[in-house]
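Report on the following structure.
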Amino acid sequence: MYKEIDEPLVHNLSLIDDFKLFGTVKFNAQTSVSNCIKFWHDFIRGLERHGRGQWVFKLEGSSYNDFAPNRHIHFLLAERGIKKRIHNINFRARTQINLLKRDKSKSYNYSLWKSSIHLENYNKKRGARFYIAKFCGPDTVNLNGRGLDSAERSNWKISPSLKRRITKINENINV
């Protein structure tokens, strides 16, 4: 495990007090960065209300290096912006992933079909540092960063709604 931490990411995510779900989707077959991002957007659209979901996801791994693990996504979902009718977010997230697995028209279908999924309720005592903020190791092959907010040593994306919320919180702290 890499011990270096993306400190700005940790700081900003620690400002959010309503994360509800942590998840990992490990693509056990080769897949591209763009297919991982396409999967993420298809997945989150089934959970968020009118594009207002507050989430962060991190892309790790490689599909082109025999010595690196396959690509996988870690994510955190906040309560704000999730569809109101969802009572059990863990169950709904698993259901959404299973629906996408059955959709053979998706470009990521093969790698998603072979994927492994881990979902758990977010534990505030562990915090974002534990779940999502470590730097990616040298196995990361995403050099262009299209579709990501950060794509150097730490490949992640934050929803526009969560970015606005973090900006507002930081502006009030620094006043």
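The analysis underlying the following values was restricted to heavy atoms, covering all of them including side chains, and did not include hydrogens, waters or symmetry mates. What you see is a predicted model, and the numbers here were worked out from it, not measured in a lab.
A distance of 4.5 Å separates CD1 in I82 from CD1 in I89, rounded to the nearest 0.5 Å. The OG atom of S159 sits 7.0 Å away from atom CD of E48, with the distance rounded to the nearest 0.5 Å. Rounding to the nearest 0.5 Å gives a distance of 9.0 Å between CG of L162 and CH2 of W55. Taken from CZ in R164 to CD1 in I158, the straight-line distance is 12.5 Å, to the nearest 0.5 Å. F22 CZ to N123 CG: the interatomic distance, rounded to the nearest 0.5 Å, is 12.0 Å. Separation of atoms OG1 (T31) and CG (L112) is listed at 9.0 Å; rounding is to 0.5 Å.
Screening residues 112-127 for salt bridge (Lys or Arg N to Asp or Glu O under 4.0 Å) gives E120-R126 as the qualifying pairs, with residues at least two apart or on separate chains. Listed by first and then second residue, the ring-ring contact (aromatic ring centres under 6.0 Å, His included) pairs that reach into residues 109-129 are F19-Y122, Y122-Y131, sequence neighbours excluded.
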Step by step, would you call F75 with L119 a side-chain contact (heavy atoms from CB on, under 4.5 Å)? CA-CA 9 Å; F75 61 89; L119 301 170; 3.7 Å; yes

Verdict with reasoning, K38 to S107, per side-chain contact (heavy atoms from CB on, under 4.5 Å): CA-CA 8 Å; K38 285 176 190 174; S107 58; 3.7 Å; yes

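Remark: N12 pairs with L15, I166, N170 by the side-chain contact (heavy atoms from CB on, under 4.5 Å) rule, at least two apart or across chains. In terms of the side chain to side chain donor-acceptor pair (under 3.5 Å) criterion, residue partners of D42 (sequence neighbours excluded) are, by chain and number, K106, Y108. By the side chain to side chain donor-acceptor pair (under 3.5 Å) test, R102 is found to be paired with no residue, residues two or more places apart in sequence or in another chain being considered. The side-chain contact (heavy atoms from CB on, under 4.5 Å) check on S116 picks up K26, N28, with sequence neighbours excluded. Contacts of S14 classified as side-chain contact (heavy atoms from CB on, under 4.5 Å), with partners at least two apart in sequence or in another chain: none. With sequence neighbours left out, R49 forms a side-chain contact (heavy atoms from CB on, under 4.5 Å) with K83, K84. For K101, the salt bridge (Lys or Arg N to Asp or Glu O under 4.0 Å) test picks out no residue, with sequence neighbours left out. Residues meeting the ring pair (Phe, Tyr, Trp, His ring centres under 6.0 Å) test with F27, sequence neighbours left out: F39. Scored by the side chain to side chain donor-acceptor pair (under 3.5 Å) test, R165 finds D17, D18, Q54 as partners (sequence neighbours excluded). Residues forming a side chain to side chain donor-acceptor pair (under 3.5 Å) with N90 (at least two apart in sequence, or on another chain): none.
Between the N109 side chain and the D103 main chain, a donor and an acceptor come within less than 3.5 Å of each other.
The hydrophobic clustering, which links ILVMFWY residues whose side-chain heavy atoms are closer than 4.5 Å, places F91 and L21 apart. Residues L99 and W40 do not share a hydrophobic cluster, clusters being chains of Ile/Leu/Val/Met/Phe/Trp/Tyr side chains in contact below 4.5 Å.
Summarising the local packing, CZ of R92 is surrounded by more than 12 heavy atoms from other residues, nucleotides or ligands at distances under 6.0 Å.
Between I169 and I16 there is a side-chain heavy-atom pair separated by less than 4.5 Å. Side-chain contact between H41 and K157 is present, with at least one heavy-atom pair separated by less than 4.5 Å.
Here the closest heavy-atom approach between residue Q96 and residue L47 is recorded as CB-CD2, 4.5 Å. The heavy-atom pair separating L13 from A128 by the smallest distance is CB-CB, 3.5 Å.
With hydrogens and angles left out, the side-chain atoms of S34 and S32 include a donor and acceptor closer than 3.5 Å.
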